[in-house]
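Input: a single structure, listed below in structure tokens.
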Amino acid sequence: MNPENPAPGITVDGTGLLCVTLLLLLRKRIDGARPGTVIHVIATDPAAPLDLPAWCHSSPPKPGRTWRRGGR
């Protein structure tokens, strides 16, 4: 395991979903996540590279939760 890219604890597969649907699914899936849980999001919507970071910045993290862009 690479400390810069730890293994995900939750994977949200948004393949084929529009960002609005993906964001609703993402919110539902991470609601009970423990602090430090790594979330891996798979998105095919061309708007995802813009929408996901905007959503992260507009959704304040809960205590112990931070947003970080990673992956490939």
Side-chain angles (χ1 to χ4, degrees):
M1 180 162 71
N2 179 345
E4 288 188 27
N5 291 307
I10 298 173
T11 298
V12 179
D13 188 352
T15 303
L17 298 179
L18 294 176
C19 272
V20 66
T21 307
L22 172 59
L23 295 176
L24 292 171
L25 176 63
L26 179 60
R27 175 176 283 174
K28 182 178 178 180
R29 291 286 312 276
I30 69 170
D31 189 44
R34 292 176 165 225
T37 302
V38 174
I39 306 353
H40 177 81
V41 179
I42 302 166
T44 54
D45 185 330
L50 298 173
D51 288 351
L52 284 170
W55 179 79
C56 290
H57 290 295
S58 69
S59 301
K62 293 181 179 178
R65 186 180 290 172
T66 60
W67 304 115
R68 179 176 75 109
R69 185 176 180 174
R72 300 175 220 200

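Atoms CH2 and CG, on Trp55 and Leu22 in that order, are 9.0 Å from each other to the nearest 0.5 Å.
For residues 7-21, every residue pair satisfying the side chain to side chain donor-acceptor pair (under 3.5 Å) rule, not counting sequence neighbours, is listed here: Asp13-Thr15.
Take Leu25 and apply the side chain to side chain contact (heavy atoms under 4.5 Å, CB included) test, not counting sequence neighbours, and it matches Val12, Leu17, Arg29.
Put simply, the side chain of Asp45 gets close to the backbone of Cys19: a donor and an acceptor are under 3.5 Å apart. The backbone N or O of Gly9 sits nowhere less than 3.5 Å from a side-chain atom of Thr37 that would complete a donor-acceptor pair.
Closest of all the heavy-atom pairs between Thr44 and Gly14 is OG1-O, 4.0 Å.
Between Val41 and the choices Ile30, Leu26, Ile10, Leu23, the side-chain contact (heavy atoms from CB on, under 4.5 Å) rule is met once, by Leu26.
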